[in-house]
Amino acid sequence: MEQRIKLIWDFRGPDALKIAEHHVIHLDEYKAVHDLEANETGVEQKSELYAIAYFMVSKAQMLAVRDALKPHRGEFCD
């Protein structure tokens, strides 16, 4: 199985979770337009004032998605 990478957008402040949830809407739109439906998107609330939106992509897809969507950071996944 090809290694997956979790592209991450960080949001901080009292509205962090709402902003992250809204950002995932745009990530899902990108998935649909670029036929990436097998890829997972989501939101994680890390604390009351910190949330992330993420997009899981394969290593082969990472460069194209990273360059198009400009995530704040990324992590290798198991």
Side-chain angles (χ1 to χ4, degrees):
M1 182 176 182
E2 188 172 8
Q3 187 170 27
R4 296 188 326 152
I5 299 168
K6 186 178 194 177
L7 300 176
I8 299 169
W9 292 262
D10 299 293
F11 300 98
R12 291 180 168 78
D15 294 327
L17 181 60
K18 287 183 181 184
I19 295 168
E21 290 170 341
H22 180 80
H23 192 71
V24 167
I25 292 169
H26 297 293
L27 296 177
D28 289 337
E29 290 170 349
Y30 181 88
K31 277 185 357 179
V33 168
H34 293 87
D35 197 27
L36 300 171
E37 290 301 321
N39 297 59
E40 178 185 345
T41 58
V43 172
E44 293 177 16
Q45 186 168 14
K46 300 295 189 177
S47 74
E48 194 173 310
L49 298 175
Y50 175 47
I52 66 168
Y54 66 86
F55 192 168
M56 301 286 281
V57 298
S58 69
K59 192 172 182 179
Q61 298 167 326
M62 190 276 296
L63 288 176
V65 175
R66 180 200 69 190
D67 291 350
L69 300 180
K70 311 272 191 273
H72 297 140
R73 58 194 176 94
E75 301 176 348
F76 288 104
C77 299
D78 295 332

Heavy-atom pair of closest approach, residues Lys70 and Trp9: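 Where Lys70 meets Trp9 most closely, the heavy atoms are O-NE1, 3.4 Å.
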For the student: nearest non-hydrogen atoms of Glu37 and Ala32, plus distance: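 Of all heavy-atom pairs spanning Glu37 and Ala32, the closest is OE2-CA, 3.0 Å.
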Say whether, by atom type as modelled, one donor and one acceptor occur between the side chain of His23 and the main chain of Ala53 under 3.5 angstrom.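 A pair under 3.5 Å: no.
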For the side chain of Glu48 and the backbone of Pro14, is there at least one donor-acceptor N/O pair under 3.5 Å apart?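 Flag not set: sc Glu48 to bb Pro14 has no pair under 3.5 Å.
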Between [atom1] on residue [X] and [atom2] on residue [Y], distance to nearest 0.5 Å:
X	Y	atom1	atom2	result
Arg4	Phe55	CZ	CZ	11.0 Å
Lys6	Phe76	NZ	CZ	14.5 Å
Lys46	Asp10	NZ	CG	9.5 Å
Ile52	Leu7	CD1	CG	11.0 Å

Please assess Lys31 against Asp28 for the test side chain to side chain contact (heavy atoms under 4.5 Å, CB included), listing each intermediate value before the final yes or no. CA-CA 5 Å; Lys31 277 185 357 179; Asp28 289 337; 3.7 Å; yes
Side chains of Tyr54 and Glu75 in contact at under 4.5 Å (non-hydrogen atoms):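 No; the side chains remain at least 4.5 Å from each other.
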Could you tell me whether the side chain of Val57 reaches within less than 4.5 Å of the side chain of Leu36, counting heavy atoms only?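 Counting from C-beta outward, Leu36 and Val57 never come under 4.5 Å.
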Let me see the working for Glu29 and Ile25 under side chain to side chain contact (heavy atoms under 4.5 Å, CB included), right down to the final yes or no. CA-CA 6 Å; Glu29 290 170 349; Ile25 292 169; 3.9 Å; yes
Are [X] and [Y] in one and the same hydrophobic cluster, where Ile, Leu, Val, Met, Phe, Trp and Tyr link if side-chain heavy atoms are under 4.5 Å apart?
X	Y	result
Ile19	Tyr30	yes
Leu27	Ile5	yes
Ile8	Leu69	no

Atom pairs and distances, side-chain donor-acceptor, residues 59-68, under 3.5 Å, sequence neighbours left out:
unit_1	atom_1	unit_2	atom_2	d
Gln61	OE1	Asn39	ND2	2.8
Gln61	OE1	Ser58	N	3.0
Gln61	OE1	Ser58	OG	3.3

